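Quick note on labels: first sequence line is chain A, next is B, and so on, each numbered from 1. Please read all numbers here as calculations on a predicted model, not as lab measurements. Side-chain atoms are counted along with the backbone in the values below, which use heavy atoms only and exclude waters and symmetry mates.
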Amino acid sequence: MTKNLVIVESPAKARTIEKYLGKDFTVKSCNGHVRDLPKKDISIDLKNNYEPNYVILVEKKAIVQELKKYAKESEKVWLATDEDREGEAISWHLVEALNLDKNKICRISFNEITKSAVLKAIQLPREINRNLVDAQQARRVLDRIVGYQLSPLLWKKIKPALSAGRVQSVAVRIIVEREEEIKKFDTKYNFRVLCNFFKTDDNLKNTFLGELSHRFSNKEEAKAFLSECINFEFFVKDIEKKPTYRSPSAPFTTSSLQQESSRKLGFAVSKTMLIAQQLYETGKITYMRTDSVNLSDLAIKMCQKVIQSRFGDKYLCTRKYVTKSKGAQEAHEAIRPTEFQNQEIEGTKEQKNLYNLIWKRTIASQMSNAEIEKTQVSVNSPNPSFNFLVKGEVVKFDGFLRVYVESMDDAEDENGKDNKLLPDFKLNEKLNYHDIAAIQKYSQPPARYTEASLVKSLEEKGIGRPSTYAPTISTIQKRGYVVCESRKGSERSITKISLINNELKESEKEEIYGTEKNKLFPTDLGIIVNQFLSDYFQNIIDYQFTANIEDEFDEIAQGKIEWRKMIDVFYKKFHPQVEKSAGDSKKYSGERLLGVDPSCRKNVYVKVGKYGPVVQIGETNDPEKPKFASLLNLYSLDEINLEQAIELFSFPRSIGKLDGVEVIVNVGPYGPYVKKEKSFYQIPKNINPLKINLEQAKDIIEKKEFKGTGVVKEFEKNKDLAIRRGRFGIYIKYKNENYKVPKDLDPDNVTLEECIAIIDDPNSKSKGRRRKGKR
DNA sequence: CAGTGAGCGAGCTTCCGCTTGACTT
């Protein structure tokens with residue numbers, strides 16, 4: 001036992017710091033908050049000055065016991081939780097939960113984990129900042145009140161087990177509103193004119209693209225312009241050269257890492273965080289939940305050394321980045337490698353890729369600007385007010401581009417890409433062209449959000465924290481407010497008029513538009529929940545709401561206002577809204593009358609029912625009960641028509657016979673299924689139960705029947721290896737070890753070599769085994 | 001586990017932010 005106990009928030013941090021502090025210090029981790037409001041009810045005494053009822057979290061009881069024991073035996077307890085609002089509160093809760101002797105405690109903090117920072121912190125102990133703790137209590141209490149008073153309203157008005165909250169409800173609103181914008185979007189088009197020029201003295205006829213500075217609003221105008229181009233003499237009217245530069249992006253924060261890893265590696269937000277956590281725990285990167293772009297001096301020095309030795313002094317440029325994002329608390333460094341000399345690491349493919357991304361981004365952030373020369377050549381046209389513009393870009397010095405280029409959310413327009421390298425032009429030089437084309441171009445509606453771009457939007461609005469971005473994205477999907485999906489686009493025709501060899505030609509071609517890959521769409525339920533909240537609680541889902549209360553939390557932190565007073569002002573306004581909406585008997589179901597069923601002459605409605613979106617034929621209050629049928633994810637509430645609605649009542653239907661037995665398709669409480677004899681087989685999401693044929697049904701049945709446990713496949717060449725099926729699905733057994741396989745592994749087509757590759761991937765080794773080995 | 005949806009009422013659901021753990025063939 002040592003004289004000093006240091007408590008930090010995470011075990012990985014504890015391990016590192018223990019090395020810095022030497023044998024007089026024991027460093028332990030409390031693993032985040034140890035006390036909180038219990039889940040079962042609101043646990044805030046609304047009639048008694050908002051007194052919170054904190055309890056020790058069940059999962060932290062063992063840790064609290066252990067810390068108590070250490071604290072008792074130590075002369076001093078150093079509370080080294082993070083240097084932000086939550087960190088301060090964690091320290092205070094530790095004092096309360098561990099019942100610490102006030103004379104024993106020292107509060108210290110450091111926002112980078114380096115030996116010098118830690119040793120310096122030890123020299124500067126202070127008291128717990130009660131104002132900051134109170135700001136956290138206000139935040140906690142407000143979130144609990146909003147969440148636990150809004151959610152029950154949704155259970156009553158819409159359906160059970162729904163939720164609402166300060167953060168998630170805004171996230172849903174963003175998605176719903178974007179969808180509305182897209183729906184409202186009025187697609188227009190115009191004609192852009194592109195010309196492939198070449199120099200008259202160039203026999204190879206290397207072409208470069210020029211675009212007319214004007215777009216024509218219709219085909220006739222475009223055609224008229226093109227015919228004027230016949231036999232027209234083009235020449236270079238103006239040449240403009242502009243030196244410019246590009247600077248590297250700041251090192252990663254949680255949010256920017258999630259965005260880049262989504263764009264460059266295709267990771268979902270949760271996957272990025274999972275892998276980053278693995279890198280953090282194995283000591284390869286710094287802490288991954290941060291809003292800071294700051295690098296420690298030590299990190300900058302290490303970074304410079306690598307840049308100098310690999311690229312030379314010319315590539316070096318020391319930069320200090322400043323956080324722009326709202327409400328940033330900067331308790332940590334930016335996300336960076338711990339050792340810059342390692343560009344590559346050992347690990348799984350995913351770990352390697354994510355690490356490499358972080359390495360490049362951090363290194364690039366300390367490198368020189370890229371110097372670029374932009375050229376714009378103007379070429380005359382038959383209409384004196386328009387010119388063809390040929391744009392070029394040459395990188396004169398690559399600088400940070402040598403290592404890293406940030407990607408953009410919006411894909412570049414392939415026609416609009418600048419010519420990278422242009423030949424030398426002379427003023428008034430005559431130019432020939434190969435062809436000129438006027439192409440119909442439709443305007444683009446705003447883009448749907450990806451998980452990562454939603455995080456970006458939340459961060460910009462100051463809503464949510466690095467530790468909650470990923471969970472929030474998953475909550476709104478779990479509640480069924482939002483789905484992340486890929487959807488097929490539609491076709492439309494584009495008109496192209498081209499001028500080749502002085503001849504005008506008009507052609508049509510089909511273009512696919514609106515294809516979406518892994519984008520967020522609101523569900524009917526999400527739309528209705530949002531409707532309810534905007535009818536009664538506009539102020540809560542207002543984008544400014546969080547920003548405004550953050551200002552008040554800041555005032556609490558500065559000791560200017562008392563936290564209970566702030567909550568009281570809020571609650572006095574909020575609670576009447578709750579009462580008012582609870583009093584209105586109106587249910588929110590999104591009900592819509594589609595028309596009359598021709599066969600029974602009753603009204604056909606669609607709405608969101610207790611079990612999801614349904615079609616209803618007949619009136620709710622009729623003595624004869626109405627009939628119901630699920631929408632089955634095939635249609636949305638506002639798109640389904642009468643005919644489609646009635647077709648949903650065609651179940652159960654027979655689709656033919658297999659082995660002489662009738663096969664029935666039907667919809668049950670667990671979704672659409674195929675039934676053969678007494679067995680049920682779920683129809684997968686990608687098959688439309690209205691259109692399923694016997695062949696597909698047979699497939700589904702055989703796949704399920706194939707199940708059972710035991711060996712699925714063996715290889716002649718290596719009897720040690722077998723593909724087996726267990727309780728949790730397919731896995732590989734090799735000698736006495738079990739290995740996880742990719743979800744999409746098809747045992748029929750896999751080769752021995754592929755199996756061996758899986759075994760070699762450290763990711764697939766069974767965790768149970770590894771733990772046993774460690775003990 | 002395989003066709004619920006009225007209305008009544010029991011008892012359940014729910015927030016945001018800090019952190020990892022765990023017995024998976």
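A donor-acceptor pair under 3.5 Å links the side-chain atoms of A:D291 to the main chain of A:Q329, judged by distance alone.
Between B:dG17 and A:Q136, no contact under 4.0 Å exists linking OP1 or OP2 to a side-chain N or O. At the phosphate of B:dC15, OP1 or OP2 sits under 4.0 Å from a side-chain N or O atom of A:S163. The phosphate of B:dT19 has neither OP1 nor OP2 within less than 4.0 Å of any side-chain N or O from A:R465. At B:dC15, one or more side-chain N or O atoms of A:R479 fall inside 4.0 Å of OP1 or OP2 (strictly under the cut-off). The phosphate of B:dC18 (OP1 or OP2) has a side-chain N or O of A:S467 nearer than 4.0 angstrom. A:R85 has no side-chain polar atom (N or O) that falls below the 4.0 Å cut-off from OP1 or OP2 of B:dC18.
Between the side chains of A:E9 and A:Y287, no donor-acceptor pair is found at a separation under 3.5 Å. Between the side chains of A:Y54 and A:Q137, at least one donor N or O lies within less than 3.5 Å of an accepting N or O. Checked by atom type, the side-chain pair A:Y605/A:E619 shows a donor-acceptor distance below 3.5 Å.
Residue contacts for A:K156: at a heavy-atom cut-off of 4.0 Å it reaches no nucleic acid atom on any strand shown. Within the nucleic acid shown, A:L37 has no heavy atom closer than 4.0 Å to any nucleic acid atom. Contact annotation for A:T468: base contact, defined as any heavy-atom pair under 4.0 Å involving a base atom. Among the protein residues, A:R144 comes within range of the nucleic acid bases, having at least one heavy atom under 4.0 Å from a base atom. Residue A:G32 is classed as a base contact, given a heavy-atom separation below 4.0 Å to a base. If you check every strand for non-hydrogen atoms under 4.0 Å, A:K625 touches a base. A:G464 comes within 4.0 angstrom of sugar-phosphate atoms only, judged by non-hydrogen atoms across all strands, and of no base. Using a 4.0 Å heavy-atom criterion, one finds that A:Y287 contacts the sugar-phosphate atoms exclusively.
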Task: Secondary-structure notation, DNA chain B, from Watson-Crick and G-U pairs under 3.5 angstrom (| other strand) - done: .........................
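In this structure, A:R144 is not positioned above the aromatic face of A:Y50 in the sense of NZ or CZ being under 6.0 Å from the six-membered ring centre and within 45° of the axis.
In this structure, the aromatic ring of A:W155 is positioned over the six-membered ring of the base of B:dT13, centres within 5.5 Å and planes within 30°. With centres under 5.5 Å and a plane angle under 30°, the ring of A:Y148 is stacked against the base of B:dT14.
Atom NZ of A:K157 has more than 12 neighbouring heavy atoms from other residues, nucleotides or ligands inside a 6.0 Å radius.
When rounded to the nearest whole Å, the span between OH of A:Y481 and C1' of B:dT13 equals 11 Å.
Not counting sequence neighbours, the partners of A:E86 by the salt bridge (Lys or Arg N to Asp or Glu O under 4.0 Å) test are A:R139.
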